[in-house]
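The structure appears right after this line, and notes come after that.
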Amino acid sequence: MAGIGLSGVTKTYPGGVTAVDGLDLTVHDGEFFALLGPSGCGKTTLLRTIAGLEQASAGTVSIGDRDVTRLAPGQRDVAMVFQDYALFPHMTVLDNIAYPLRVKRIPRAARHDRAREVGAGLDLADLMARRPAELSGGQQQRVALARAVVAHPKAFLFDEPLSNLDARLRLSARTFLKRLQRDLGITTVFVTHDQAEALAMADRIAVMDAGRIRQVGTPREVFGRPATSFVAHFIGSTPMNLLDATVTGGRLTLAAGTLPCPADLPDDTRVTVGIRPEYLTYSKDPVEDALAGTVGIVEHLGSSSLVTLETDGAAPVGVVVEEGAEPEPGTRGWAVPRPGRVLLYRAGGGDLLA
Amino acid sequence: MSAPAVLARRAMARVGLYVFVGLVLVFFALPLVWLVTTPFARTPSYRVPAPSFTLHNFRILWDNPYAVRSIGNSLVLAGGTAVLAVVFAGTAAYALSRVRLPGRDAVLYAVLLLSSIVTGTAAMVPIFLMLFQLDLIDNRLALVLVLTGGLLPSAMFILKDFMDTVPRSYEESARVFGASPFQILRHVVAPVVRPGLATIAVWAVVQVWGNFLLPYILLHDPAKQPAAVIMYTFYDEGGQPNFALISTFSLLYSVPVVLCYLVVNRRYGFRFQGGIKG
Amino acid sequence: MLFVAPALALIAAFLVFPALWTLYLGVLKYDLAGSNAAAPQFVGLGNYRDALTDPRFANSLLLTVAFVGLSAVLGQNVLGFLLAAVLRDAASWVRGVVNAVVLLAWILPGTVVVFLWQALLDRGGGTLNALLGTPGAAWTLDHPLATIVAFNIWRGTAFSMLLYSAALGAVPRSQLETARTYGAGPLRTLRDVVLPHIRGHVLTNTLLITLWTFNDFAPYMLTGGGPDHRSETLPVYVYRTSIEGGALGYGSAISLIMLIVNLAIALFYLRLLRRRSA
Ligand SMILES: Nc1ncnc2c1ncn2[C@@H]1O[C@H](COP(=O)(O)OP(=O)(O)O)[C@@H](O)[C@H]1O
Ligand SMILES: [Mg+2]
């Protein structure tokens, strides 16, 4: 069991791309940790640097209390599950699962016993004699997991392990993976670009952008108080409203109305107001301290709907409305923020002010 | 043109076609007839024999001190070269496929170019002289190395294509589990590219099996010479050739390549041979 | 880079080094035996001057050009194309039989097929004389060049046939049918539809078979270069002068000329390949 520590880790590829840029991070022992960010932000690179498949250009990587920065991947005692699972096509499921033990020169009978045991735990008992090509995507994913489990590493490194599954299977695989991690208690770093996945599974999340970490926190923290407008925009299944505003006399002036300012800021400060559509209440009658607009599009989300209020010349405002209360497009509507849910960011894509 | 004239022309064209195919068939089959009939003839000679059947000629073949041994020599040379070519070309192609060096492809092309210009025929003098001065004439290992050297560039080129198709994640996955480069090659890469390795092995065997010039100038001891050279000495000796011996030996010596091609053809079709011979 | 080392070592030893050494040997008066064996003498371009003024070299060069031109560029190329074209629409058993004999001629070991041809052409009991009713006609003596040309066409047409079958298979049927519906005859169709499609293949094929035929050593086994040097192509000439005659320096000079010709052909071929893949 071991935590993972990164300090000042930078990775610059030979071509000159700096994929990871002076990054500090601590993953606690036994934690299920998600690296979340848009595609190309350096998640895979960071994971591969932890695994040792890439050498850090600067900084140190430690696993447990060992500095592994200069160690080969095989000496780091981690197991990795790749996005394409990397199952060996010429080996049976049994041999695939047993492979880490073969490298450790464990006798065939012993390693097969162990592989069978782990495989049975992952619901693979009936598939042991098959080859990867004869398995469904979900089964392949479980074989890859089993192979990682058999290695009994200090840490699991997963690179988008669910992205090759279809949407429904992905949900059950999430639950499965989270339970597996909790039962084994092995430190896990999990890469994903799907914020819902990260929110659902992780104990803590690091949100990355352009090779840097923008925020580290529990799902609740990251969702409720995104540290930057980038994180705010990235997290949440319906994107957060980010609206330009100016402070005048303790109030915020927006294109769609005025709101009380939650912080003490000097007049004429330009800010970005962030409010999640879920934290706005819709009203079809005019109200105080609200944003006004004309109902544009109504999107059904299932048990609720996302209503877009168009404001002249400025960004539209999204509001989540309960099932059955959807307004008619073309009518006027007002959106009232719930108390304490208005966030202020420095204008122009900046940090959280309040 | 009137309809009957068109029909007549079509018919003529058809007849012409059949005559052409027939002539070609005769041209190609004619020399081969001797190979399949004479070994079983009671009185073998240059002429394609009248139908008769005996296995006596094979007795003569068996009793010849050089014939059967030379087939063994051919097997050793072909097998040795195939093994070396597969191992060396495989490891080199693997490394070249994985390492990103500037100018790597240029080097590969240059080597391929080299192998197609430095043929056994054009380089017989320096190769003969080199082994002569090193006192390696009649050394079979030296010959195997020479043969391997000539085959390596093409083999590397073909195998690199195979290696390029192996996803990197296979090896990285094995690496994370602690496998060494040799283990990765043995456990993961080699089994995945096995069709490519088999291709190279068969190709090397066929190339060496038929090669005459290099063993002819580099092996002078009849006990070490392969079938290609022994076959030639059988009919080059002057005087009346021993037809019983030559005909049966030709057949015995030919069967393995024909089998090889049948197997390869079943597996890969003729495209493979078209791309790879020479 | 342990993985690349053995392959590179063999390539360096048996391809790079011989090529460079040929360059060096070519400027020496260096014989296998006699006073020039112990202490080779530097003669500069003397060997090349000797070669260029030696009527036997000129004869050999001319013969080689004729041999390559007639048997490969014309013979194998045209016959291979015709076979591919004709067999495309032939009944499958006809295709099977023709394919089989043509391929057999290609894959059988060289020393075996050479003897098959000697049996075919033999003066006394040869099958050809028996068939044509020309007993006593000495084909290899009276028509040595024609003999090796016919032999090489027989031996190598398979490659062209395979390559052109593949190429023709890639010509879209719809285009052929379009040409037919406009009333184009076979020759017109060939010129307007087929040739533009397979031009690249024609070039590839011609260059490869040229390279192989140019380096072919089989004429040595068939006619020994004789009679009276009348079938002495360059490879045979090099063998006769240097390995048999012991004139290593002079032979190297000729070898170098061969290497340069090979290089020219191969470079041309590689440029074509590059352009097509680009
Ligand atoms: N082997 C490589 N060589 C050069 N650049 C690379 C390499 N791998 C990734 N990159 C670049 O590094 C950046 C981060 O890539 P990656 O870590 O794969 O992102 P993510 O996994 O978050 O999508 C991208 O700009 C990518 O183009
Ligand atoms: Mg990635």
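Proteins come first, then strands; the chains are lettered A, B, ... in the order of their sequence lines, and each starts at number 1. Heavy atoms only: backbone and side chains are in, while hydrogens, waters and symmetry mates are out. A quick note: this is a predicted structure, and the numbers were derived from the prediction, not measured.
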Counting only heavy atoms closer than 4.5 Å, note whether [X] contacts chain B via side chain, backbone, both or neither.
X: C:Asn215; result: both
X: C:Phe214; result: neither
X: C:Val94; result: side chain
X: C:Leu15; result: both
X: C:Leu248; result: both
X: C:Tyr24; result: neither
X: C:Leu263; result: both
X: C:Leu120; result: side chain
X: C:Leu267; result: both
X: C:Leu121; result: neither
X: C:Thr157; result: side chain
X: C:Ala13; result: backbone

Pair B:Phe182 + C:Phe3: ring centers closer than 6.0 Å: yes
Between [X] and [Y], is there a donor-acceptor pair closer than 3.5 Å when you use the side chain of the first and the backbone of the second?
X: C:Asn47; Y: C:Gly251; answer: no
X: C:Arg123; Y: C:Thr140; answer: no
X: C:Thr64; Y: C:Leu234; answer: yes
X: B:Gln225; Y: B:Ser70; answer: no
X: C:Arg155; Y: C:Ala105; answer: yes
X: C:Arg88; Y: C:Leu168; answer: yes

Where on [X] is there a heavy atom nearer than 4.5 Å to chain C: the side chain, the backbone, both, or neither?
X: B:Leu17; answer: side chain
X: B:Leu35; answer: both
X: B:Leu147; answer: neither
X: B:Ile230; answer: neither
X: B:Val146; answer: both
X: B:Val24; answer: side chain
X: B:Phe212; answer: side chain

For [X] and [Y], take the angle between the two ring planes, folded into 0 to 90°, and tell me which bin it lands in: parallel under 30, tilted 30 to 60, perpendicular over 60.
X: B:Tyr232; Y: B:Tyr216; value: perpendicular
X: C:Trp117; Y: B:Phe27; value: perpendicular
X: C:Tyr164; Y: C:Phe81; value: perpendicular
X: B:Tyr253; Y: B:Trp209; value: tilted

C:Asn129 and C:Trp139: side chain donor to acceptor below 3.5 Å: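 The criterion, which ignores hydrogens and geometry beyond distance, is satisfied for C:Trp139 and C:Asn129.
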Select, from [options], the one with the greatest count of heavy-atom pairs under 4.5 Å involving chain C.
options: B:Val206, B:Leu129, B:Val229, B:Val125; value: B:Leu129
options: B:Leu114, B:Val21, B:Leu113; value: B:Leu113
options: B:Ala228, B:Ser115, B:Ala123; value: B:Ala228
options: B:Leu145, B:Val87, B:Leu96; value: B:Leu145

Residues, nucleotides or ligands: over 12 heavy atoms within 6.0 Å of B:Tyr18 OH: no
Which of C:Leu20, C:Asp216, C:Val102 touches chain B most, by non-hydrogen pairs under 4.5 Å: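 Option with the top pair count is C:Val102.
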Interface residue of largest heavy-atom contact number with chain B, from C:Thr111, C:Val112, C:Val238, under 4.5 Å: C:Thr111
Rounded distance [0.5 Å steps], OG in C:Ser242 versus OH in C:Tyr237: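 Atom-to-atom, C:Ser242:OG and C:Tyr237:OH are 10.0 Å apart.
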Test side chain to side chain contact (heavy atoms under 4.5 Å, CB included) applied to B:Leu143 and B:Leu214, B:Ile137, B:Val208, B:Thr148, the passing residue: B:Leu214
